[in-house]
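This is a predicted model, so every value here is computed, not measured.
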Amino acid sequence: DSLNAVLARWGLKTHDLEAVRLMIGNGITNLIEKGAGGLAPTDKLKREFKEEYQARQLDKTLPYPGVTKLLSALSERGLALGVLSNKDDENTQIIVSHFFPNIFKVVRGALPDIPLKPDPTGALALTKALGATAEQTLYVGDSAVDMLTAKNAGLLPLGAAWGFRPASELLKAGASAILAGPLGLLDYLDAIS
């Protein structure tokens, strides 16, 4: 909705939900560029998108079914949990604190001094902040960008098939395993324990 509102204001073609889903995952600049048909986003266009998103970010956002139960179970097991997003850090903090207060030890969105995923820098910094090594860290994600990030950082990439990209994309990008639903992570952890 935020992307289409800005594109319409600029007289550019808008997109349906499925088309926008395929544009998401590599940060705001890439999202706007893809949405605008290859037009390099200006600072003004990016600023307008950020304002639109800030106003709407909780309108249609909900956790996937089963995720809240999964996170509670992981917390009960005493696991250190973190979030790494290509979404602006401010928005990431708002969304995570709104839906998952006091669950995650570390939450990081896009920051100016850290390259976006799939560059491993953010994932490695998050792993360190969690007090873990790469070998001890499972990276659960729902896009090729996530699987590539995990591989680039030496983390174990687990594909979330309940997310917004198909399992085939996750496998092609290097997922070590595909989790059909959120609670499948608990089964996976039990199997490797």
Side-chain angles (χ1 to χ4, degrees), residues 2-3 15 17-41 46 49-50 53 57 61 63-64 67 70-71 74 79-96 100 104-180 182 184-185 188:
S2 301
L3 177 65
H15 306 280
L17 178 61
E18 288 309 310
V20 174
R21 278 182 196 247
L22 295 175
M23 297 175 196
I24 293 173
N26 288 298
I28 290 173
T29 300
N30 288 316
L31 170 64
I32 296 169
E33 185 173 335
K34 288 176 184 175
L39 174 71
K46 286 193 272 189
F49 173 82
K50 288 179 181 184
Y53 188 77
Q57 65 186 329
T61 302
Y64 286 107
V67 167
L70 167 65
L71 294 174
L74 293 173
L79 298 175
L81 305 175
V83 171
L84 180 63
S85 177
N86 276 347
K87 185 184 307 295
D88 277 1
D89 187 63
E90 180 182 4
N91 300 114
T92 302
Q93 300 293 336
I94 289 168
I95 290 170
V96 172
F100 311 113
F104 293 98
K105 182 177 178 181
V106 183
V107 177
R108 300 243 170 95
L111 295 166
D113 57 336
I114 298 178
L116 294 176
K117 301 183 293 183
D119 183 284
T121 305
L124 291 171
L126 185 95
T127 299
K128 184 177 179 181
L130 290 171
T133 65
E135 296 77 23
Q136 297 170 315
T137 304
L138 304 177
Y139 187 111
V140 179
D142 64 356
S143 71
V145 170
D146 289 320
M147 298 304 96
L148 292 170
T149 302
K151 283 176 49 180
N152 292 341
L155 313 177
L156 183 67
L158 299 176
W162 68 85
F164 73 103
R165 296 290 170 82
S168 59
E169 178 181 318
L170 303 175
L171 285 168
K172 185 177 178 182
S176 294
I178 298 294
L179 307 171
L185 180 56
Y188 184 88

Problem - Atom pair CZ (Phe100) and CD1 (Ile95), whose distance is rounded to the nearest 0.5 Å - result: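 Spacing of CZ (Phe100) from CD1 (Ile95) equals 10.0 Å.
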
Under 3.5 Å donor-acceptor pairs involving side-chain atoms of residues 23-40, not counting sequence neighbours:
residue: Asn30; atom: ND2; partner: Asn26; partner atom: O; Å: 2.7

Handout entry: Non-hydrogen atoms of Ala175 and Met147 that approach each other most closely
Key =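 Reported closest heavy-atom pair: CB-SD, 3.5 Å.
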
Practice task
Taking side chain to side chain donor-acceptor pair (under 3.5 Å) as the test, write out the residues that go with Tyr188, two or more places apart.
Solution key: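 Not a single residue meets the side chain to side chain donor-acceptor pair (under 3.5 Å) criterion with Tyr188.
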
Exercise for the section: Output all residues satisfying side-chain contact (heavy atoms from CB on, under 4.5 Å) with Pro120, sequence neighbours left out; order by chain, then residue number. Expected result: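 Checked Pro120 against side-chain contact (heavy atoms from CB on, under 4.5 Å); matches are Leu124, Asn152, Ala153.
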
Problem - Pairs satisfying side-chain hydrogen bond (donor to acceptor under 3.5 Å, both in side chains), at least one member in residues 165-175, at least two apart - result: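 Sorted pair list: Arg165-Glu169.
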
Exercise for the section: Applying side chain to side chain donor-acceptor pair (under 3.5 Å), name anything that partners Asn91, two or more places apart in sequence or on another chain. Expected result: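 Counting only residues at least two positions away or on another chain, Asn91 forms a side chain to side chain donor-acceptor pair (under 3.5 Å) with Gln54, Gln57.
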
Practice task
Nearest 0.5 Å please: distance from the CG atom of Asp89 over to the CD1 atom of Ile94.
Solution key: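 The CD1 atom of Ile94 is 10.0 Å from CG of Asp89, to the nearest 0.5 Å.
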
Problem - Partners meeting salt bridge (Lys or Arg N to Asp or Glu O under 4.0 Å) with Asp142 (sequence neighbours left out) - result: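 Expected list: none.
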
Practice task
Quick one: list whatever passes side chain to side chain donor-acceptor pair (under 3.5 Å) with Thr61, sequence neighbours left out.
Solution key: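 Result, side chain to side chain donor-acceptor pair (under 3.5 Å) vs Thr61: none returned.
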
Practice task
Sequence neighbours left out, what passes side-chain contact (heavy atoms from CB on, under 4.5 Å) with Ser85? Give chain and number order.
Solution key: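 If we apply the side-chain contact (heavy atoms from CB on, under 4.5 Å) test to Ser85, skipping adjacent residues, the hits are Lys87, Thr92.
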
Problem - Shortest non-hydrogen separation from Thr149 to Ala123 and the atoms involved - result: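 Result for this residue pair: CG2-CB, 3.8 Å.
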
Practice task
Return the set of residues passing side-chain contact (heavy atoms from CB on, under 4.5 Å) with Ala134 (not counting sequence neighbours), or none when no residue passes.
Solution key: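 Checked Ala134 against side-chain contact (heavy atoms from CB on, under 4.5 Å); matches are Leu155.
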
Problem - Spatial distance of atom CG (Leu185) from atom CG (Leu179) [nearest 0.5 Å] - result: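 Going from the CG atom of Leu185 to the CG atom of Leu179 covers 5.5 Å.
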
Handout entry: Heavy-atom pair of closest approach, residues Ala132 and Thr137
Key =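 That closest heavy-atom pairing would be CB-OG1, 3.7 Å.
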
Handout entry: For Phe164 against Tyr64, the heavy-atom pair lying closest together
Key =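 Closest approach of Phe164 to Tyr64: N-OH, 3.5 Å.
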
Problem - Rounded distance [0.5 Å steps], CG in Leu170 versus CG in Leu148 - result: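 Separation between the atoms: 10.5 Å.
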
Handout entry: Listed partners of Glu90 passing side chain to side chain donor-acceptor pair (under 3.5 Å), at least two apart
Key =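 Result, side chain to side chain donor-acceptor pair (under 3.5 Å) vs Glu90: none returned.
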
Problem - Verdict with supporting geometry, Tyr139 and Thr127, side-chain contact (heavy atoms from CB on, under 4.5 Å) - result: CA-CA 10 Å; Tyr139 187 111; Thr127 299; over 6 Å; no

Exercise for the section: To the nearest 0.5 angstrom, please state how far the CG atom of Leu171 sits from the OG atom of Ser176. Expected result: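 Going from the CG atom of Leu171 to the OG atom of Ser176 covers 9.5 Å.
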
Problem - From CG (Leu138) to CG (Leu81), nearest 0.5 Å - result: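 Answer rounded to 0.5 Å: 10.5 Å.
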
Handout entry: Nearest heavy atoms of Ala167 and Ala161, plus distance in Å
Key =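 Here Ala167 and Ala161 meet closest at CB-CB, 4.3 Å.
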
Below 3.5 Å, can you tabulate the donor-acceptor pairs from side chains in residues 104-112 to any protein atom, sequence neighbours excluded?
none

Exercise for the section: Please identify each residue that fulfils salt bridge (Lys or Arg N to Asp or Glu O under 4.0 Å) with Glu18, with sequence neighbours left out. Expected result: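 Partners of Glu18 by the salt bridge (Lys or Arg N to Asp or Glu O under 4.0 Å) criterion, ordered by chain and then number, come out as Arg21.
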
